[in-house]
Amino acid sequence: MSQLNLHLKVWRQNAGQPGHFQDIEAPEIPDHASFLEMMDIINERLIAKGQEPVAFDHDCREGICGMCSMQINGVPHGPEKATTTCQLHMRKFRTGDTIWVEPFRAKAFPVIKDLVVNRGAFDRIQQAGGFVTVRTGAPQDANALPIGKEVADAAMDAAACIGCGACVAACKNASAMLFVSAKAGQLNLLPQGQPEKDRRTLGMVRQMDKEGFGNCTNQYECEAACPKEISVRWITKLNRDYAVAAVKDAFGNTRKEAGGGD
Amino acid sequence: MSLNSNIPSGPMAMKWSKHKQDSKLINPKNKRKFTILVVGSGLAGSSAAATLSELGYKVKCFCFQDSPRRAHSIAAQGGINAAKNYQNDGDSVHRLFYDTVKGGDFRARESNVHRLAEVSVSIIDQCVAQGVPFAREYGGMMANRSFGGAQVSRTFYARGQTGQQLLLGAYSALNKEIAAGGVQMFPRTEMLDVVTVDGHAKGIVTRDLVTGKIESHAGDAVLLCTGGYGNVFYLSTNAMGCNVTATWRAHRKGALFANPCYTQIHPTCIPVSGEYQSKLTLMSESLRNDGRIWVPKNAADVGKPAAQIPEADRDYFLERKYPSFGNLAPRDISSRAAKEACDAGLGVGPGGRGVYLDFAEAIGQFGQKTIAERYGNLFAMYEKITGENGYKQPMRIYPAVHYTMGGLWVDYNLMSNLPGLHVLGEANFSDHGANRLGASALMQGLADGYFVIPTTIANYLVHQKPGSVTTEHPEFKKAVEVCTAQTKQFLNNKGKRSVDSFHRELGLLVWDKCGMARDKAGLTEALKRIPEMREEFKTNVVVPGSGNACNPELEKAGRVADFMEFGELLCLDALNREESCGGHFRTEHQYPDGEAKRDDENFSYAAAWEYTGDFSKPTLNKEPLIFEEVHLAVRSYK
Ligand SMILES: Cc1cc2nc3c(=O)[nH]c(=O)nc-3n(C[C@H](O)[C@H](O)[C@H](O)COP(=O)(O)OP(=O)(O)OC[C@H]3O[C@@H](n4cnc5c(N)ncnc54)[C@H](O)[C@@H]3O)c2cc1C
Ligand code: SF4
Ligand code: FES
């Protein structure tokens, strides 16, 4: 194991106030440590000096909960492909490197403190239709609904999204289309999701717009930053589903459907 | 205290049906008047909150992460069991029930386990209806695999992300109810205390992790679905925020804590690489289907590259000790065997705490491509963390704390001894005895939340006047004051040591003395050290920052303070249980060949500990375990 001497430029900010970069020297960082463990080490050192440690979001530290969210050298989750910040290891850096550490930047993700942002907008988009309306206890036997392996696998590809928001942070328009298209796409593809497909599509897209995410102009930075390699093909599918739903809506169909649910 | 487990009478297979028949019903109009506080949004909490709201109850749900979807259930990889017998390989409700009781080393409550096996079947149907993308066969039917040494294929899975997919299903049900107005969700909100009024749980105290505001919520019943306490060991496969706070504070308010010493160690984790290590990563134990586990026979070889150690000088210790199960021996047995090898100085890698998991033979037989198809994501994960290529050299693995079977004591209705306080999922003690089988925790969380509590909660609520207590009650004010004072005390402390440094010290101690193997001398020593550590923590911890804002150090301080208290109960329980069973191995109690030796005559009970005001002197209450269906036997895997 070897050690790295690094220069960090870390974003510090309190909610509602302007932020700034703080220079933090980070000598003797073990190259086996993960990026978040490096942050733990510098926080321990800040505490020892009587300073306030850097606040950042994290929980599982194994790339699945979607809680960690740093922008490292300008890239959400850092330079390594298909890797969350918590899974990025220091051996990917060189001694002497300067590393810029910022929060995910987007109007719809306001900073709570330092590197911690509020991604509540994602939950609200899901509440606007990201479900199948089925009561507990009502369903038929699982095998009574055969689903071809190809369809099941494709739905699983979309379902792999961990809701981290890197796609938004990577996009110059701060668009949430990759996330929304993965979430809507999973259910719109499966037979269980068909009855509410139009309603779901319109609900989620409209909520997305309401939350202040930007428009998708097909830059595809999102796909490159996504730790779960969600494909931009889902965006194409969502656009298609949306076009169909919007036309029906214009003729009043979906609204009638939506009103008939009670 | 006399413990009434409220087990329904009648034959085992009929108990749950009978109980459902006998359970009270609440008039739909009245349901709306009841408020239920659900703490936790993992599989147990989300499924309970969504289902109770569907039934018409008003629900408030809390979690400390920024979204309910991030609860630690998300991290489960392997799968979920259900007695569907889709493979026609002889599975049945009875067999799943039997396997779970035996796997738990005959320390679980039979009636609860039977119910779990019964409802397992409906869980899968429910999840499919929600759109959970389970693995399918070409014909469109559900795919299954055998897991954790089970002799039938009853495990359902969704790639290596079963937990995430099941949780996203439950989260979608929760979202549906949030949208419908039945559930009010409080993310980034930590529960700090239970409020009791006349002995009943009627509310909670919370801290808003964004603004720092400490406030209280009143309800007609409280459900704790707050997960396990594995992080008492500091290093574990749990997420960083997993804690004992909710259950421990409830314990201090009178709820009994049962079997804390039953902790599960998972054999296939990536070993510790240095002192900065913050958590351990689990690799699915399905790796053991094709990987062979070994250490060098001679201590002189441990530093050599694996390739330079000839076949004859390797000890495939699981295959040698357990010829019929070999590398698939149960988790506790495999873990202990790895520890023994390392204790004998034969461990490999940094610090000598690792054993090899070798795929060379499987690659030779099936080709690297096949092995990559089976486990590619795990090899990639291993390489990310260690920088080593598992195809070219054997992986190194070591056991790590993974799951906690102990938890708050509950009766058949999932209610603790504190009326109104219900406990679901990993937070309770009931279904896994002394050892949990793979793919059974997800099953239990969803069973409790979707199918059990929606029926059984009425048995409590029917006797309550809805909304009878509000946060104006003096008990609420008092509880808020206590929590506010603790926060202030942390922030005003002029100490020198960080919260993490204490947590790490505690973790090392309990791992050493109360980990994979325990003995009287070690436990006694830990019991002396923990109160000293707690004292030092009180005076010497430093918590920077403010109480009126997002402050992760402050959150950690509260959690570690509780671990410091809880750690003592963990060791006391381990000291009291003078036998070896499941995840609890007392070196004094073993057969000559090193196998765990149970003492059914004296220890066939659940140990339910009662807080007395002195952490060192809790009162032990015993719930005798009566086995009507399953014959007690030595759990042999030879
Ligand atoms: C790496 C890993 C892999 C696993 N794989 C499998 C598997 O393949 N199959 C299987 O069956 N089991 C598996 N398990 C076990 C299983 O995942 C867990 O036991 C189960 O998911 C626990 O669910 P839960 O709902 O009880 O708790 P959790 O999912 O842990 O949820 C706890 C909830 O409580 C909240 N909470 C906790 N404390 C507080 C507080 N003080 N205030 C407010 N909210 C609080 C949290 O925010 C969270 O929402 C695995 C476990 C791990 C660690
Ligand atoms: S699409 Fe990818 S980047 Fe966007 S939230 Fe999902 S996992 Fe994260
Ligand atoms: S901390 Fe969970 S994905 Fe990074």
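Within every chain, numbering begins at 1; the chains are lettered A, B, ... in the order of the sequence lines, protein sequences first and strands thereafter. Everything quoted here is computed from the prediction, not taken from an experiment.
For B:Pro552, the part lying near chain A is the side chain, with the backbone staying farther off; criterion is any non-hydrogen pair under 4.5 Å. Neither the backbone nor the side chain of B:Arg497 comes within less than 4.5 Å of any heavy atom in chain A. Contact annotation for B:Phe134: only backbone heavy atoms (N, CA, C, O) come within less than 4.5 Å of a heavy atom of chain A. With a threshold of 4.5 angstrom between heavy atoms, B:Ser122 does not approach chain A through any atom at all. Looking at B:Gln130, both its backbone and its side chain come within 4.5 Å of chain A, counting heavy atoms on both sides. Neither the backbone nor the side chain of A:Leu189 comes within contact range of chain B; no heavy atom of the residue lies under 4.5 Å from a heavy atom of that chain. Residue B:Gln65 touches chain A through both its backbone and its side chain, counting heavy-atom pairs closer than 4.5 Å. In this structure, the portion of B:Thr237 lying under 4.5 Å from any heavy atom of chain A is its backbone and not its side chain. If you measure heavy-atom distances from A:Cys86 to chain B, you find no contacts under 4.5 Å at all. For chain B, the nearby parts of A:Val134 are the backbone and the side chain; heavy atoms of each come within less than 4.5 Å. With a 4.5 angstrom heavy-atom cutoff, A:Asp40 touches chain B only via side-chain atoms. Contact of A:Leu190 with chain B is made through the side chain alone, with heavy-atom distances under 4.5 Å. B:Ala75 touches chain A through backbone and side chain together, each having a heavy atom under 4.5 Å away. Neither the backbone nor the side chain of B:Ser73 comes within contact range of chain A; no heavy atom of the residue lies under 4.5 Å from a heavy atom of that chain. B:Leu168 touches chain A through its side chain: at least one heavy atom from C-beta onward sits under 4.5 Å away, while N, CA, C and O do not. In this structure, the portions of B:Gln126 lying under 4.5 Å from any heavy atom of chain A include both its backbone and its side chain. The contact between B:Glu54 and chain A is made by backbone and side chain atoms together, counting heavy-atom distances below 4.5 Å. Interface remark: A:Lys92 contributes no atoms to any contact with chain B (heavy atom separation under 4.5 Å). Only the side chain of A:Gln186 comes within contact range of chain B, with at least one heavy atom under 4.5 Å from a heavy atom of that chain.
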### Message
Under the criterion side-chain contact (heavy atoms from CB on, under 4.5 Å), I'd like the reasoning laid out for B:Tyr157 against B:Gln77: C-alpha separation, chi angles, the key distance, then a yes or no.
### Response
CA-CA 8 Å; B:Tyr157 59 100; B:Gln77 303 168 359; over 6 Å; no
### Message
Please determine whether side chain to side chain donor-acceptor pair (under 3.5 Å) holds for the pair A:Ser69 and A:Asp57, giving the CA-CA distance in whole Å, both sets of side-chain angles, and the decisive distance to 0.1 Å.
### Response
CA-CA 7 Å; A:Ser69 58; A:Asp57 262 335; 4.8 Å; no
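Side-chain contact check for A:Asn43 versus A:Val54: some heavy-atom pair is nearer than 4.5 Å. Side-chain atoms of A:Glu211 and A:Met208, non-hydrogen and from C-beta on, never get closer than 4.5 Å to each other. When side chains are defined from C-beta on, B:Met142 counts as touching B:Arg136, because their heavy atoms get closer than 4.5 Å. Side-chain contact check for A:Phe35 versus A:His89: every heavy-atom pair is 4.5 Å or farther apart. Under the 4.5 Å side-chain criterion, counting only non-hydrogen atoms from C-beta, A:Thr83 is not in contact with A:His77. For the pair A:Met70/A:Met39, a side-chain contact is recorded, criterion being any heavy-atom separation below 4.5 Å from C-beta on. Within the 4.5 Å cutoff, the side chain of B:Gln165 has no heavy atoms near those of the B:Arg159 side chain. The side-chain heavy atoms of B:Pro454 and A:Thr136, taken from C-beta on, include no pair separated by under 4.5 Å.
A donor-acceptor pair shorter than 3.5 Å can be found between the side chains of A:Thr201 and A:Asn188.
When all heavy atoms of B:Ala239 and B:Asn231 are compared, the pair lying nearest together is O-ND2, 2.8 Å.
Per-residue heavy-atom pair counts under 4.5 Å with chain A were compared for B:Gly140, B:Cys242, B:Ala71, B:Pro350, and the maximum is reached by B:Gly140. For chain A, the option among B:Gly241, B:Ser273, B:Ser67 with the highest count of heavy-atom pairs below 4.5 Å is B:Ser67. Counting heavy-atom pairs closer than 4.5 Å to chain B, the top-ranked of the candidates A:Val132, A:Asp123, A:Ile47 is A:Asp123. With respect to chain A, the highest number of heavy-atom pairs below 4.5 Å among B:Cys127, B:Ala129, B:Ala549 belongs to B:Ala129. Top candidate by heavy-atom pairs under 4.5 Å with chain B, chosen from A:Arg119, A:Gln140, A:Glu52, is A:Arg119. The candidate from A:Leu88, A:Asn118, A:Ile64 with the greatest count of non-hydrogen atom pairs under 4.5 Å with chain B is A:Ile64. Counting heavy-atom pairs under 4.5 Å between each of B:Met240, B:Met185, B:Arg70, B:Gln164 and chain A puts B:Arg70 at the top. Your options are B:Thr51, B:Val542, B:Ile385, B:Leu55, and the one with the most heavy-atom pairs under 4.5 Å with chain A is B:Ile385. Contact tally against chain B (heavy-atom pairs below 4.5 Å) for A:Gly129, A:Ala48, A:Ala15, A:Pro30: the top residue is A:Pro30. Between chain A and the residues B:Ala179, B:Ser498, B:Ser278, B:Gly387, the largest count of heavy-atom pairs under 4.5 Å involves B:Ser278. Of the residues considered (A:Lys113, A:Gln126, A:Glu62, A:Arg91), A:Arg91 shows the highest number of contacts with chain B, using heavy-atom pairs under 4.5 Å. Of the listed residues (A:Ala154, A:Gly137, A:Gly50), the greatest number of heavy-atom pairs within a distance under 4.5 Å of chain B belongs to A:Gly137.
Annotation: cation-pi pair B:Arg559/B:Phe64 present, NZ/CZ under 6.0 Å from the ring centroid and within 45° of its normal.
Partners of A:Asp141 according to the side chain to side chain contact (heavy atoms under 4.5 Å, CB included) rule, which considers only residues two or more places apart in sequence or in another chain, are A:Asn143, A:Ala144, B:Lys84, B:Tyr86, B:Asp125. B:Glu275 is linked by a salt bridge (Lys or Arg N to Asp or Glu O under 4.0 Å) to nothing, counting only residues two or more places apart in sequence or in another chain.
Here B:Leu43 contributes atom CG and B:Leu166 contributes atom CG; the two are 6.0 Å apart, rounded to the nearest 0.5 Å.
Between B:Lys384 and A:Glu80 no salt bridge is recorded (no basic side-chain N to carboxylate O distance below 4.0 Å). A salt bridge is absent between B:Arg504 and A:Glu44; no separation between the charged side-chain nitrogens and carboxylate oxygens falls under 4.0 Å.
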